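First the structure, in the form of structure tokens, and then the observations on it.
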Amino acid sequence: MATLNQIADQEWEVLVIGGGIFGAAVARDAVMRGFKTALVERNDFAGETSGRSTKLVHGGIRYLEHLELGLVRECLAERTILLTMARHLVKPLPFLFPVFKGDRFPLPLIKLGTALYGTLAGRNTLKTQESFSALAVKDYYPFLANAPIQGAVKYYDAQMDDIRLCLETVLTAQMEGAQAANHTEVIKIGIRSDGKYDVVLKDTLSGARGKTRAQVLVNAAGPWADKLRSKLEPQHKPMLLLSKGIHLIVNKKFSGDAVVLSSSDKRIIFIIPWREGSIIGTTDTPFAGELEEVRASENDIEFLRNEVERITCGIRIENKDIITTFAGLRPLAALNSGNTAKASRKHHIYESPPRFFSIVGGKYTTHRLIAEQVCNKIEHALGRGHVRSRTAQTPLLGSFDLQSDPPRFYIPAQRSEMQLSSLKNLLCTYGGQIKKVLQIANRSSVLQRPLSPQHPLIGAQVIYAIEHEMARTLMDVCVRRLRLDQMPGCGLDTVGQAADLMAARLNWSWLQKEKEILEYQSWVRQQTEFLF
Ligand SMILES: Cc1cc2nc3c(=O)[nH]c(=O)nc-3n(C[C@H](O)[C@H](O)[C@H](O)COP(=O)(O)OP(=O)(O)OC[C@H]3O[C@@H](n4cnc5c(N)ncnc54)[C@H](O)[C@@H]3O)c2cc1C
């Protein structure tokens, strides 16, 4: 595990600022091409936008409306790569696109659109689309029984675990030789006369400071990219157009398939199966507030609730059905459009000042490709010969072990008190890395038991997060590593146990432990404030 100390007082060829998915992917590609690489994140990996997405690895069927065929094709090709690169975290998912009387697009057009989607996928197609009559839809999808349905089309895309995909990208970069530190913020940047950058870092937990040097800086600060660039070019033209999107996590499973609904504001809303319930989202509203204060408002929640009720003709999502909410900011490219819903999701890579690269726009789905393009530019800027990116052919950590060491050999051999649901959850979460979690679980029966009867999470995961996944705070463990806040009851009955395990492992004082618990409780309150 790297901290500020491992990154300070050195010269890096590439220093990546921002540990969301774009920064993580650039660090991985750069180190695999032989650059001396470091990554710093001021909060936690995937702690911002990259942990708050709709979790789709998709071509974006909605972009067909704006004829962004190139973007769709690019996304579909990346989808295929991610399905093998991270096979335990990215999985195919069927999508039902029902069409209702009075919808903006009639059924034949939706059929044509999904067929075009399949054509653009070419050899990357997951499965051919199917059509459903109104009667068949009502039969297979009872929650649509009262809706004035005309028919539906089923097509295929993919779903990911966004936080874990980002975290495993960081861990894989680290395994390849990069240094990565969370809770480490870039607070000052200066250009030296030789063109290199002096960077001042701050450990946001301890307050410690350090200096480091880099030949190339990559600005992967997402919604903070303009702020970061301003440290060097205070007068630069804004690169970003920010759009807020929120989701509801509900304890109700509508269907095993994702469902695509045409919203009244001429966009698309998804109902996606997620664990034992569903995710409903998203919204798309321009955002000009404080970047640290992004939350679902009462209006946002009401909008999604009303849309579901309107489309299903009567299914009301009550407050008791909502486990929690989450909200994020799309860091879109500020080109001509001020309309965030219509703004292109294409990415742009700017170089200004020299050897300072800013990533703007883009989809989670295309993160690997974006990183490849950034690294090509870095090679050029440093006058290096071209080394082909190997990221598309190299599986991520858990996926790699899954291929070389299939878990079926060691899971049955595991003699423990562990429940089947916990084992299943470990396999989906860690892929081949499950064996390291099981080794920790073998230390004591306490670490094998679920932390609560309400969910399958076990104590060994807390220790694994500290020892192998750079978790430093209770929030790192409970929100980013375990997603405890999205479990029924938001994990409020369990957080104390997780804190006890952390306190024992990290020698926290009683006061420190209580402070960490309070921070978690306050986070849960913020995400659920309009639900009571
Ligand atoms: C609601 C919503 C739904 C979405 N759904 C999808 C989807 O289903 N599929 C898809 O493909 N895409 C989706 N996207 C888009 C995708 O999530 C984003 O494009 C992507 O996550 C952006 O990643 P990032 O690394 O640029 O930003 P971030 O994840 O925000 O990372 C930037 C990081 O930089 C750090 N940082 C900032 N300043 C500093 C500093 N000074 N020092 C150190 N670190 C710093 C921040 O703490 C942050 O962690 C969605 C986006 C939103 C908002």
Side-chain angles (χ1 to χ4, degrees), residues 4 7 15-27 38-60 62-63 71 74-75 78-79 82 90 93 157-160 162-163 165-166 169-170 180-189 199-204 217-231 240 242-247 258 268 270 272 279 281-285 287 291-292 294 296 300 325-333 340 345-347 358-371 480:
L4 184 142
I7 296 190
L15 176 65
V16 184
I17 306 166
I21 189 58
F22 293 160
V26 171
L39 167 68
V40 286
E41 161 57 47
R42 66 178 192 142
N43 175 14
D44 190 17
F45 306 115
E48 303 291 347
T49 324
S50 301
R52 301 172 191 182
S53 79
T54 312
K55 308 181 200 326
L56 300 179
V57 170
H58 62 157
R62 139 183 133 72
Y63 309 138
L71 176 64
E74 199 170 85
C75 289
E78 284 302 306
R79 184 184 70 185
L82 294 182
V90 182
L93 183 68
D157 248 323
Q159 183 178 35
M160 63 172 158
D162 53 2
I163 295 186
L165 190 52
C166 180
T169 306
V170 174
N182 50 359
H183 302 289
T184 303
E185 181 174 10
V186 167
I187 54 171
K188 204 169 165 195
I189 311 174
V199 178
V200 180
L201 303 169
K202 180 179 162 193
D203 183 315
T204 53
L217 292 181
V218 178
N219 173 3
W224 290 266
D226 273 327
K227 272 195 176 171
L228 189 70
R229 187 170 159 198
S230 299
K231 292 187 193 295
L240 294 173
L242 296 177
S243 140
K244 183 171 93 164
I246 78 125
H247 296 83
I268 273 174
F270 294 100
I272 298 169
I279 292 179
T282 177
T283 56
D284 192 332
T285 45
F287 183 84
L291 301 185
E292 279 75 17
V294 184
D300 294 327
T325 67
F326 63 94
L329 290 179
R330 298 176 188 86
L332 305 174
T340 55
R345 267 51 177 169
K346 274 191 197 138
H347 65 275
S358 297
I359 306 171
V360 173
K363 301 277 305 165
Y364 199 122
T365 305
T366 48
H367 70 270
R368 195 211 58 82
L369 179 71
I370 294 172
R480 266 83 62 179

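Indexing begins at 1, ligand by ligand and atom by atom, following the structure's order. It should be emphasised that the depicted structure is a prediction, and the values quoted were computed from it without experimental measurement.
- Atom CD1 of I21 and atom OG1 of T49 lie 11.5 Å apart (nearest 0.5 Å).
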Hey, mind stepping through D300 and T325 against side chain to side chain contact (heavy atoms under 4.5 Å, CB included) and telling me if it holds? CA-CA 10 Å; D300 294 327; T325 67; over 6 Å; no

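- Remark: ligand 1 atoms within the under-4.0 Å shell around heavy atoms of P223 are 30 (O).
- In this structure, the separation between CG on D157 and CZ on F270 is 7.5 Å, given to the nearest 0.5 Å.
- Each of the following atoms of ligand 1 lies closer than 4.0 Å to a heavy atom of K55: 8 (O).
- When only non-hydrogen protein atoms are considered, atom 17 (O) of ligand 1 lies nearest to S53 CB, 3.7 Å.
- Nearest protein heavy-atom neighbour of atom 35 (C) of ligand 1: E41 OE1, 3.2 Å.
- Among E48, E292, H347, R52, the residue whose heavy atom sits closest to atom 2 (C) of ligand 1 is R52.
- The protein atom (non-hydrogen) at minimum distance from atom 27 (O) of ligand 1 is G222 CA, 3.5 Å.
- Looking at ligand 1, you'll find an N or O of R42 within less than 3.5 Å of one of its N or O atoms.
- Of the candidates A220, G328, A25, S50, A220 brings a heavy atom nearest to atom 32 (C) of ligand 1.
- From L201, atom CG reaches atom CG of L15 across 7.0 Å, with rounding to the nearest 0.5 Å.
- The atoms of ligand 1 that sit less than 4.0 Å from any heavy atom of G245 are 1 (C).
- Between the side chains of H247 and T54, at least one donor-acceptor pair of N or O atoms lies under 3.5 Å.
- The N/O atoms of N43, backbone and side chain alike, include none that comes under 3.5 Å of an N/O atom in ligand 1.
- Listed by number with element, the atoms of ligand 1 under 4.0 angstrom from any heavy atom of G18 are 33 (C), 34 (O), 35 (C), 44 (N).
- Contact annotation: H58 has at least one heavy atom less than 4.0 Å from an atom of ligand 1.
- Taking CE of M160 as the start and OH of Y364 as the end, the distance is 5.5 Å to the nearest 0.5 Å.
- For ligand 1, the atoms lying closer than 4.0 Å to a non-hydrogen atom of T282 are 1 (C).
- The pair E74-K363 does not meet the salt-bridge criterion, since no charged nitrogen lies less than 4.0 angstrom from a carboxylate oxygen.
- In the model, S53 has a side-chain atom that pairs as donor or acceptor with a side-chain atom of D162 under 3.5 Å.
- With respect to atom 41 (N) of ligand 1, the closest heavy atom belonging to the protein is V186 O, 3.1 Å.
- T169 places no side-chain N or O within donor-acceptor distance of the main-chain N or O of A25, the cut-off being under 3.5 Å.
- Residues E41 and R480 are not paired through a salt bridge, judged by the lack of any N-O separation under 4.0 Å between the basic side chain and the carboxylate.
- Considering backbone and side-chain N/O atoms, L329 never comes within less than 3.5 Å of an N/O atom of ligand 1.
- Just one of I17, I370, L39, I359 meets the side chain to side chain contact (heavy atoms under 4.5 Å, CB included) condition when paired with V26; it is I359.
- Relative to atom 5 (N) of ligand 1, the option among T54, L39, D162 with the closest non-hydrogen atom is T54.
- With rounding to the nearest 0.5 angstrom, the CG atom of L228 is 12.0 Å from the CD1 atom of I187.
- Within the structure, the closest approach of K231 to ligand 1 does not fall below 4.0 Å when heavy atoms are considered.
- Within ligand 1, counting atoms from 1 as listed, the ones closer than 4.0 Å to a heavy atom of T365 are 10 (C), 11 (O).
- The distance from ligand 1 to the heavy atoms of R330 drops below 4.0 Å at these ligand atoms: 1 (C), 51 (C), 52 (C), 53 (C).
- The option from F326, Y364, F270 that lies nearest to atom 15 (C) of ligand 1, judged by heavy atoms, is Y364.
- Within the 3.5 Å criterion, the main-chain N or O of A327 finds a donor-acceptor partner in the side chain of R52.
- Scanning the protein for heavy atoms near atom 30 (O) of ligand 1, the closest one is T49 OG1, 2.6 Å.
- Within ligand 1, the atoms closer than 4.0 Å to a non-hydrogen atom of G362 are 19 (O), numbered from 1 in the order shown.
- Using 4.0 Å as the threshold, T184 has a heavy atom nearer than that to some atom of ligand 1.
- Using a 4.5 Å heavy-atom cutoff, the side chains of V360 and R229 are not in contact.
- Here the CG-CH2 distance, from L240 to W224, works out to 11.0 Å after rounding to the nearest 0.5 Å.
- Comparing heavy-atom distances from atom 9 (N) of ligand 1 across L56, I17, L228, I21 singles out L56 as nearest.
- The heavy atom nearest to atom 31 (O) of ligand 1, out of those in S243, G281, G20, is found in G20.
- Below 3.5 Å of separation, one finds an N or O of F22 facing an N or O of ligand 1.
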